[in-house]
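Read the structure below first, then the notes.
These figures come from a predicted structure and were not determined experimentally.
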Amino acid sequence: MIIGAAPVDRRVFKEFDPRHYYVICADAGYETAVKAGVTPDLIVGDFDSAKKPAELKAKCLTLPVEKDVTDTMFAVLKGFSMGFRSFLLLGCLGGERFDHSLANLEVLQYIREHGGHGIMADKSTKIFLLQDERLKMTGMSGSTVSVFPYNGSACTVSYDGLKYPLNRGQLSCGNLPMGVSNLISGDPAEIRVHSGSALVVVVQ
């Protein structure tokens with residue numbers, strides 16, 4: 001579990017219990033963790049957006065302010081070096097820095113390109129990055145789902161169990177049709193990416 005600096009509704013920790021994860025806080029993410037009663041296993045950051053923790057018992061790695069990666073990306077790199085391949089990113093959506101939200105999508109891309117699996121989530125939203133694979137969704141009937149081509153100009157996708165089905169349809173950047181605001185009507189429902197990459201955003 002990576003906890004970033006964006007605001008996190010503590011209810012998200014009911015769905016994703018930190019006790020089942022190795023928790024790495026990126027910079028001000030440790031303040032979010034403390035407020036939610038979560039004890040991190042590791043804290044990394046340059047602490048430009050938060051004071052360096054003085055009393056927490058967790059191990060702390062201080063990074064230089066001038067570097068080529070974000071604190072969140074460094075947290076993921078550290079996770080990879082420790083043998084982790086599945087990552088849950090919290091506190092990585094919203095906040096005052098829209099550029100950091102975009103950068104965190106790049107983090108998802110890095111995870112996928114290096115053989116890992118990542119989910120970005122908050123209390124109502126889950127974001128998946130799919131490459132030539134399927135996403136099966138259970139217990140999500142009534143949720144809104146949007147699909148966007150990513151890391152390329154287009155992707156070919158099929159939907160099953162959605163209000164507006166699609167069979168090997170192409171979604172293109174800046175073109176029609178747009179894959180936004182579909183509705184999960186079946187249980188289970190499935191999105192399959194036949195070619196290219198797609199961001200799948202589920203809002204419950």
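- Side chain of Asn104 to backbone of Cys92: a donor-acceptor contact under 3.5 angstrom is found.
- Contact annotation: the side chain of Pro188 never approaches that of Met137 to less than 4.5 Å [non-hydrogen atoms, C-beta and beyond].
- Under the 4.5 Å side-chain heavy-atom criterion for grouping Ile, Leu, Val, Met, Phe, Trp and Tyr, Phe128 is not connected to Leu89 through any hydrophobic cluster.
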**Study point:** side-chain contact (heavy atoms from CB on, under 4.5 Å) between Leu105 and Met120, intermediate numbers included
**Key:** CA-CA 8 Å; Leu105 295 179; Met120 193 181 302; 4.0 Å; yes
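- With Thr32 contributing its side chain and Val8 its backbone, the two residues share no donor-acceptor pair below 3.5 Å.
- Distance OG1/Thr72 to CG/Leu90: 11.0 Å, rounded to 0.5 Å.
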Exercise for review: Step by step, work out the side-chain contact (heavy atoms from CB on, under 4.5 Å) result for Phe13 and Arg19.
Suggested key: CA-CA 10 Å; Phe13 295 114; Arg19 293 175 296 179; over 6 Å; no
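- Note: the hydrophobic cluster containing Ile119 also contains Phe16 (ILVMFWY, side chain heavy atoms under 4.5 Å, direct or indirect links).
- Using a 4.5 Å heavy-atom threshold, the side chains of Glu31 and Val34 count as separate.
- Atom CZ of Arg85 and atom CZ of Phe87 lie 7.0 Å apart (nearest 0.5 Å).
- Salt bridge annotation for Glu190-Lys136: absent, with no cationic side-chain nitrogen under 4.0 angstrom from a carboxylate oxygen.
- For Ser143 (side chain) and Met140 (main-chain N/O), a donor-acceptor pair under 3.5 Å exists by modelled atom type.
- In this structure the side chain of Lys163 reaches within 4.5 angstrom of the side chain of Asn182, judged on heavy atoms.
- To the nearest 0.5 angstrom, Arg112 atom CZ is 12.0 Å from Asn151 atom CG.
- Ser146 places a side-chain N or O within donor-acceptor distance of the main-chain N or O of Ser181, the cut-off being under 3.5 Å.
- His194 and Ser158 share a side-chain donor-acceptor pair at under 3.5 Å.
- A donor-acceptor pair under 3.5 Å is formed between the side chain of Asp187 and the backbone N or O of Gly139.
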Exercise for review: Run the numbers on Val147 and Val201 for side-chain contact (heavy atoms from CB on, under 4.5 Å), then give the verdict.
Suggested key: CA-CA 6 Å; Val147 182; Val201 181; over 6 Å; no
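- Across all non-hydrogen atoms, the minimal contact from Pro149 to Ser172 is CG-C, 3.8 Å.
- Proximity of Ile127 to Leu199: side-chain heavy atoms (C-beta onward) are separated by under 4.5 Å at one or more points.
- The same ILVMFWY cluster, assembled from side-chain heavy atoms under 4.5 Å apart, contains both Phe84 and Leu61.
- Rounded to the nearest 0.5 angstrom, Arg11 CZ and Asp122 CG are separated by 10.5 Å.
- For the pair Leu130 and Val200, the minimum side-chain heavy-atom distance is below 4.5 Å.
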Review point. Would Tyr164 and Tyr159 satisfy ring pair (Phe, Tyr, Trp, His ring centres under 6.0 Å), going step by step from the backbone distance to the final call?
Key: CA-CA 8 Å; Tyr164 306 107; Tyr159 307 152; 9.6 Å; no
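- Scored by the ring-ring contact (aromatic ring centres under 6.0 Å, His included) test, His114 finds Tyr110 as partners (sequence neighbours excluded).
- Note on Asp46 versus Lys67: salt bridge recorded, some NZ/NE/NH1/NH2 to OD/OE distance being below 4.0 Å.
- Here Asp160 contributes atom CG and Ile184 contributes atom CD1; the two are 11.5 Å apart, rounded to the nearest 0.5 Å.
- Between the side chain of Asp17 and the main chain of His20, no donor-acceptor pair closer than 3.5 Å is present.
- Looking at Ser101, its side chain does come within 3.5 Å of a backbone N or O of Gly94 through a donor-acceptor pair.
- Two different hydrophobic clusters hold Ile191 and Val180 under the rule that ILVMFWY side chains link at heavy-atom gaps under 4.5 Å.
- In this structure, Thr70 contributes its side chain and Met73 its backbone to a donor-acceptor pair below 3.5 Å.
- Looking at heavy atoms from C-beta onward, Ile43 lies out of side-chain contact with Lys59 at the 4.5 angstrom threshold.
- Listed here is the closest heavy atom pair of Ala33 and Ile3: CB-CD1, 4.1 Å.
- Summarising the geometry of Ala189 relative to Gly161, their closest heavy-atom pair is CB-O, 3.7 Å, with the distance given to 0.1 Å.
- Within the structure, every pair that satisfies the side-chain hydrogen bond (donor to acceptor under 3.5 Å, both in side chains) test and touches residues 195-204, not counting sequence neighbours, is listed here: Lys126-Gln204, Gln131-Ser197, Thr156-Ser195.
- Phe74 is connected to Val107 through a chain of hydrophobic side-chain contacts under 4.5 Å among Ile, Leu, Val, Met, Phe, Trp and Tyr, so both are in one cluster.
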**Study point:** Ile111/Phe80 under side-chain contact (heavy atoms from CB on, under 4.5 Å): CA gap, chis, key distance, verdict
**Key:** CA-CA 9 Å; Ile111 292 170; Phe80 267 109; 4.2 Å; yes
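- A pairwise comparison of heavy atoms in Leu93 and Ala121 identifies CD1-C, 4.5 Å as the closest pair.
- Considering every non-hydrogen atom in both Asp71 and Val44, the closest pair reads O-CG2, 4.0 Å.
- Atom CG of Leu162 sits about 10.5 Å away from atom OG1 of Thr144, to the nearest 0.5 Å.
- Distance alone, capped at 3.5 Å, places no donor-acceptor pair between the Arg134 side chain and the Val193 backbone.
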